[in-house]
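My structure is below; once you've seen it, I'll send some questions.
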Amino acid sequence: MSPRSRAVKTPRRPADVDDAPEGERSAAGRLLRRMGLQPRKGLGQHFLVSPGVLERIADAGDVGPDDTVVEIGPGLGALTEVLARKAGKVVALELDDELAEALKGVFADQPHVSIHHGDAMKTDIATLVPDSKPYKLVANLPYYVATAIVRRFLEADHKPSVIVVTVQREVAQSMSAPEGKTGLLGVATRFYGNPKIVSLVKPGSFYPPPKVTSAVLRIDVHPSPPVQVPSESGFFTLVRAGFSAPRKQLKGVLSHALKAPASEAEGALLTAGVDPTRRAETLTLEEWAALHRAGEAAGWQL
Ligand code: SAM
């Protein structure tokens with residue numbers, strides 16, 4: 001039996017299932033079994049089965065009829081279905097070939113929904129949305145590659161205007177940590193946008209339930225970075241160097257990581273207005289940018 005015919009024979013879609021959480025979970029399991037499939041752990045397959053959470057994710061993205069939404073990992077199509085009701089266009093990219101094929105059948109009668117088979121880490125974004133078209137990224141991401149996918153879209157030439165993703169709570173917290181308490185991931189996220197945790201999601205909202213709590217994170221992507229830096233790659237080389245020994249004072253850390261004399265590292269920090277005894281996590285984005293400019297002026301090859 002082909003995956004497409006499996007999908008056609010599927011009697012109920014996830015969005016039609018009973019409202020009770022237990023019913024939702026068993027319905028998702030039944031749906032998979034009918035398709036002859038098991039959730040693939042290696043692909044991070046934890047399917048959302050709580051209608052309330054699905055609505056909350058779409059609402060967090062303010063998804064409306066003027067929006068083109070890219071969804072990564074549609075899975076059984078539960079979030080796709082909610083997005084399809086609200087958005088002008090939905091473009092979903094699924095790595096699991098059987099699910100992608102089945103979803104093409106499920107959404108065949110909705111021409112504003114297109115299903116693509118591919119890897120979000122490799123697929124050219126231009127094949128999903130033309131460069132001139134604004135879009136939002138909304139997804140319940142597979143944990144194993146969630147950070148890398150968000151990063152790929154933030155660094156893309158054609159970035160989404162808004163990102164709403166369900167990720168592991170700790171990842172959401174690192175991405176949205178307040179300035180002055182940010183790790184490398186937080187600095188990188190704030191360079192590209194304003195992150196905010198919208199809500200937490202309990203393991204019981206998924207089938208099968210993961211071991212960890214998740215969070216819905218919204219990032220309002222800056223049209224251009226909020227700080228001036230000589231080059232993005234040089235900026236991140238510097239920030240990575242600063243975080244190479246996060247518990248130590250920046251003067252010594254930068255001198256060691258960038259192979260610069262300690263006096264030179266100290267001089268650049270002072271020029272940037274940063275006390276050389278501070279640690280990386282205490283710096284604001286503007287201070288990192290000032291340090292980058294001071295380092296460039298001192299001849300650092302970043
Ligand atoms: N959106 C569905 C939901 O909310 O129920 C499924 C979410 S599940 C956490 C993650 C989905 O991403 C799975 O369907 C999985 O097959 C898919 N996936 C995993 N790795 C992927 C990748 N690199 N590119 C695209 N999709 C991927």
Side-chain angles (χ1 to χ4, degrees), residues 3 7 10 13-17 21 24-25 27-32 35 37-61 63 69-85 87 90-104 106-107 113-125 127-128 136-153 156 163-169 171-172 199 201-217:
T10 298
R13 294 188 210 157
D16 301 328
V17 296
E24 299 281 352
R25 279 198 290 276
R30 271 202 307 279
L31 182 56
L32 276 167
M35 294 164 72
L37 303 176
Q38 294 277 332
R40 290 170 69 178
K41 275 195 182 163
L43 290 187
Q45 290 183 351
H46 297 282
F47 303 105
L48 268 170
V49 289
S50 158
V53 174
L54 290 163
E55 287 291 332
R56 234 186 295 148
I57 294 172
D59 288 349
V63 174
V69 176
V70 170
E71 184 195 4
I72 300 301
L76 296 174
L79 181 58
T80 321
E81 182 106 19
V82 176
L83 295 172
R85 243 193 291 121
V90 179
V91 183
L93 177 67
E94 173 58 56
L95 180 56
D96 185 319
D97 51 347
E98 293 184 286
L99 289 184
E101 213 36 51
L103 284 180
K104 283 180 191 172
V106 170
F107 288 99
V113 179
S114 61
I115 308 289
H116 298 243
H117 173 228
D119 185 338
M121 288 307 294
K122 295 186 185 145
T123 302
D124 183 356
I125 294 171
T127 64
L128 305 175
K136 295 176 175 177
L137 174 69
V138 180
N140 167 27
L141 289 175
Y143 295 139
Y144 79 98
V145 70
T147 309
I149 291 176
V150 172
R151 211 175 123 192
R152 183 160 194 252
F153 276 87
I163 294 177
V164 174
V165 282
T166 308
V167 294
Q168 195 173 333
R169 174 176 53 183
V171 170
S199 64
V201 186
K202 292 182 193 154
S205 302
F206 300 87
Y207 172 84
K211 291 199 173 73
V212 295
T213 298
S214 302
V216 179
L217 178 77

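In each ligand, atom 1 is the first atom listed, and ligand 1 is the first ligand listed. Quantities reported herein were computed from a predicted structural model and do not represent experimental measurements.
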Look at atom CD of Gln38 and say whether more than 12 heavy atoms of other residues, nucleotides or ligands are closer to it than 6.0 Å.
->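 No, not enclosed.
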
What residues, two or more places apart in sequence or in another chain, satisfy side-chain contact (heavy atoms from CB on, under 4.5 Å) together with Ala156?
-> Ile125

Under the side-chain contact (heavy atoms from CB on, under 4.5 Å) rule, collect the residues that match up with Ala172, sequence neighbours excluded.
->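 Here the qualifying residues are Val167, Ile197, Ala215, Leu217.
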
Polar pairs, ligand 1 vs protein, N/O only, below 3.5 Å.
{"unit_1": "ligand 1", "atom_1": "1 (N)", "unit_2": "Glu71", "atom_2": "OE2", "d": "3.4"}
{"unit_1": "ligand 1", "atom_1": "1 (N)", "unit_2": "Gly73", "atom_2": "O", "d": "2.7"}
{"unit_1": "ligand 1", "atom_1": "1 (N)", "unit_2": "Pro74", "atom_2": "O", "d": "3.4"}
{"unit_1": "ligand 1", "atom_1": "4 (O)", "unit_2": "Asn140", "atom_2": "ND2", "d": "2.8"}
{"unit_1": "ligand 1", "atom_1": "5 (O)", "unit_2": "Leu48", "atom_2": "N", "d": "2.7"}
{"unit_1": "ligand 1", "atom_1": "14 (O)", "unit_2": "Gly75", "atom_2": "N", "d": "3.4"}
{"unit_1": "ligand 1", "atom_1": "14 (O)", "unit_2": "Glu94", "atom_2": "OE1", "d": "2.8"}
{"unit_1": "ligand 1", "atom_1": "14 (O)", "unit_2": "Glu94", "atom_2": "OE2", "d": "3.4"}
{"unit_1": "ligand 1", "atom_1": "16 (O)", "unit_2": "Gln45", "atom_2": "NE2", "d": "2.9"}
{"unit_1": "ligand 1", "atom_1": "16 (O)", "unit_2": "Glu94", "atom_2": "OE2", "d": "2.5"}
{"unit_1": "ligand 1", "atom_1": "20 (N)", "unit_2": "Tyr144", "atom_2": "OH", "d": "2.8"}
{"unit_1": "ligand 1", "atom_1": "23 (N)", "unit_2": "Asp119", "atom_2": "OD1", "d": "2.9"}
{"unit_1": "ligand 1", "atom_1": "24 (N)", "unit_2": "Ala120", "atom_2": "N", "d": "2.9"}
{"unit_1": "ligand 1", "atom_1": "26 (N)", "unit_2": "Leu95", "atom_2": "N", "d": "3.3"}

Ignoring hydrogens and geometry, is there a side-chain-to-backbone donor-acceptor pair from His46 to Pro208 under 3.5 Å?
-> yes

side-chain contact (heavy atoms from CB on, under 4.5 Å) involving Arg40 - partner list, sequence neighbours excluded = Leu43, Gln45, Asp96, Asp97

Answer yes or no: is there a side-chain heavy-atom contact under 4.5 Å between Met121 and Ile149?
->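 Met121 vs Ile149: side chains touch.
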
